[in-house]
Each structure stands twice: as C-alpha cells, then as structure tokens.
Amino acid sequence: GGHGSMPKSESAIGILSKAVSRLEDNPHPNMFGRGVEARMLEYLATEMTLPLRIVWSNLWLFAPLVGWVYSSMPQTNAFARTTTSLTRFNAGVKDNVISPEAVAVVDHRIHPMSTVEEVMEYDRKVINDPRVKLKVKEIRHPSPTSP
C-alpha cells in the first residue's frame, strides 16, 4: 500500500493482473474424448447427416480434430476442457492510494474427467508466483453421469 506519489516497483493490482492474464492466456488442456461427451456424440451419431455420422462414429480417429473445433468456440469449449472465466476483480479504495491487496474471482467449469485438485495445481503452475494465494471459494460438483 501507500500513497500514489510513492509507488513501489510492483503493486498488488499489477501482480494479480499478471496472474489472471496468465490464466486467460493458458487454457486448461484439451481433454475431449476422455469423458461423457464422446459417448454422447457416438450415441447421437445415428441421427446425424452422413458426414457428421462418420466423424462422430469414429471418434477414436477424429477426437483430436473435434476437440480442437469444440475448444475454439465459447459455446462448446466446456465439452473439451475445464474453462476459466475471470468474473470479479476488486482492489483499491481511493484514487490516490495504492491498494495493499487485490482479489480476483475465477470461475472454472471443471471437465468431468478432471478434479478440483488438478485444476488448482494447473493454475498454480501457470501463475508461477508464490505471492498469489489461491483459495477454493465454492465447489459445485457435476451431476453424476447415467450409465
């Protein structure tokens, strides 16, 4: 903290900004084909046009391509990976006062084949700054898949 006329080389806001920027620049790994999404598409394949039926019936071959396509669109990205959304960023109380702390809320939609622990470990590695503390605020486990 301190007065705006006496800034240090790094601020809490700057440190946290870099951390969340790293999270946005480094999405979680593409996991398409390892979860229930593959079984769902294989099941739906019989109802599709011939080109999609060929692709969805042969995900053993086309999963990398389908995963790449799905991960490139916000509407289907969660089929392919754990998604990361920065939903809140709070810091500072006055225009000329350097904030001693900054807080961000990151919303992850966790892929069914991943765990909270794996997501947190990935985020720690990507952020790579021990000054940034990670804390799980709330866990909503996905609904169980039906057989």
Side-chain angles (χ1 to χ4, degrees), residues 1-2 4 7-45 47-49 51-52 55-147:
K8 296 177 182 162
S9 63
E10 287 187 294
S11 67
I13 295 171
I15 292 166
L16 189 56
S17 294
K18 288 175 188 171
V20 295
S21 181
R22 286 185 196 120
L23 289 177
E24 289 184 329
D25 291 344
N26 296 282
H28 282 254
N30 190 323
M31 299 180 78
F32 182 83
R34 296 183 222 159
V36 296
E37 74 285 346
R39 289 193 303 270
M40 178 191 75
L41 293 179
E42 289 168 347
Y43 177 79
L44 293 174
E47 305 301 318
M48 295 294 120
T49 60
L52 285 178
V55 171
W56 288 2
S57 295
N58 294 287
L59 287 176
W60 60 270
L61 177 63
F62 293 110
L65 174 64
V66 174
W68 176 79
V69 170
Y70 276 25
S71 68
S72 68
M73 298 182 290
Q75 302 89 331
T76 52
N77 192 24
F79 273 118
R81 67 168 41 93
T82 293
T83 59
T84 302
S85 300
L86 177 62
T87 57
R88 285 194 10 226
F89 198 107
N90 299 317
V93 294
K94 199 169 180 185
D95 291 347
N96 65 344
V97 176
I98 299 170
S99 180
E101 76 172 14
V103 176
V105 176
V106 177
D107 180 29
H108 286 296
R109 299 302 165 111
I110 300 176
H111 188 273
M113 298 308 293
S114 192
T115 66
V116 172
E117 293 79 18
E118 291 168 338
V119 169
M120 294 293 285
E121 182 60 28
Y122 182 85
D123 287 356
R124 277 188 195 90
K125 285 181 183 176
V126 166
I127 291 169
N128 194 27
D129 189 334
R131 298 172 297 180
V132 177
K133 305 299 181 213
L134 303 181
K135 178 175 96 172
V136 175
K137 183 176 179 182
E138 180 180 356
I139 298 174
R140 284 187 227 143
H141 294 287
S143 301
T145 56
S146 57

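Hydrogens, waters and symmetry mates play no part in the numbers below; they use all other heavy atoms, side chains included. All values reported here derive from a predicted model rather than from experimental measurement.
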Chemist: Tell me which pairs pass salt bridge (Lys or Arg N to Asp or Glu O under 4.0 Å) where either residue lies in residues 9-33, with sequence neighbours left out.
Modeler: Glu10-Lys18, Glu10-Arg131
Chemist: Please list, chain by chain and in numerical order, all residues satisfying ring pair (Phe, Tyr, Trp, His ring centres under 6.0 Å) with Tyr122, sequence neighbours excluded.
Modeler: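 His28.
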Chemist: First locate atom NZ of Lys133, then atom CD1 of Ile127, and finally report the distance between them rounded to the nearest 0.5 Å.
Modeler: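 Going from the NZ atom of Lys133 to the CD1 atom of Ile127 covers 11.0 Å.
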Chemist: Nearest 0.5 Å please: distance from the CZ atom of Phe79 over to the CG atom of Asn30.
Modeler: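 Rounded to the nearest 0.5 Å, the CZ-CG separation comes out at 13.0 Å.
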Chemist: CD of Glu42: more than 12 outside heavy atoms within 6.0 angstrom?
Modeler: yes
Chemist: Compare all side-chain heavy atoms of Tyr70 with those of Leu41 and state whether any distance is below 4.5 angstrom.
Modeler: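 Yes. Closest side-chain heavy atoms under 4.5 Å.
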Chemist: According to the side-chain hydrogen bond (donor to acceptor under 3.5 Å, both in side chains) rule, which pairs have a member within residues 73-82, sequence neighbours left out?
Modeler: Asn77-Arg81
Chemist: Ignoring hydrogens, what is the shortest heavy-atom contact between Ala38 and Leu59? Give both atom names and the distance.
Modeler: O-CD1, 3.6 Å
Chemist: Is it the case that atom CE in Met31 sees more than 12 heavy atoms from other parts of the structure closer than 6.0 Å?
Modeler: yes
Chemist: How long is the straight-line distance from CE of Met120 back to NE2 of His108, given to the nearest 0.5 Å?
Modeler: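 Between atom NE2 of His108 and atom CE of Met120 there are 7.5 Å.
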Chemist: Quick one: closest heavy-atom pair of Ser11 and Ile98, and the distance?
Modeler: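 Closest approach of Ser11 to Ile98, heavy atoms only: CB-CG2, 4.4 Å.
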Chemist: Looking only at heavy atoms, which two atoms of Ala104 and Leu16 are closest? And how far apart?
Modeler: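 Shortest heavy-atom contact: N-CD2, 3.5 Å.
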Chemist: Grab the two heavy atoms, one from Ala12 and one from Ser99, that are nearest each other, plus how far apart they are.
Modeler: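 It is CB-O, 3.8 Å.
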Chemist: Over all heavy atoms of both residues, which pair between Phe89 and Ile13 is shortest? Give the atoms and the distance, please.
Modeler: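 The pair with the smallest heavy-atom distance is CZ-O, 4.0 Å.
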Chemist: Who passes side-chain hydrogen bond (donor to acceptor under 3.5 Å, both in side chains) against Asn26, sequence neighbours left out?
Modeler: none
Chemist: With sequence neighbours left out, what residues match Arg88 under side-chain hydrogen bond (donor to acceptor under 3.5 Å, both in side chains)?
Modeler: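 Scan of Arg88 (side-chain hydrogen bond (donor to acceptor under 3.5 Å, both in side chains), adjacent residues dropped) gives none.
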Chemist: Taking side-chain hydrogen bond (donor to acceptor under 3.5 Å, both in side chains) as the test, write out the residues that go with Arg34, two or more places apart.
Modeler: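 Here no residue qualifies.
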Chemist: Kindly indicate whether the side chain of Ile110, heavy atoms from C-beta on, has any atom under 4.5 Å from the side chain of Val116.
Modeler: yes
Chemist: What pair of heavy atoms forms the shortest contact from Phe32 to Gly67, and how long is it?
Modeler: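 So the minimum-distance heavy-atom pair works out to CB-CA, 3.5 Å.
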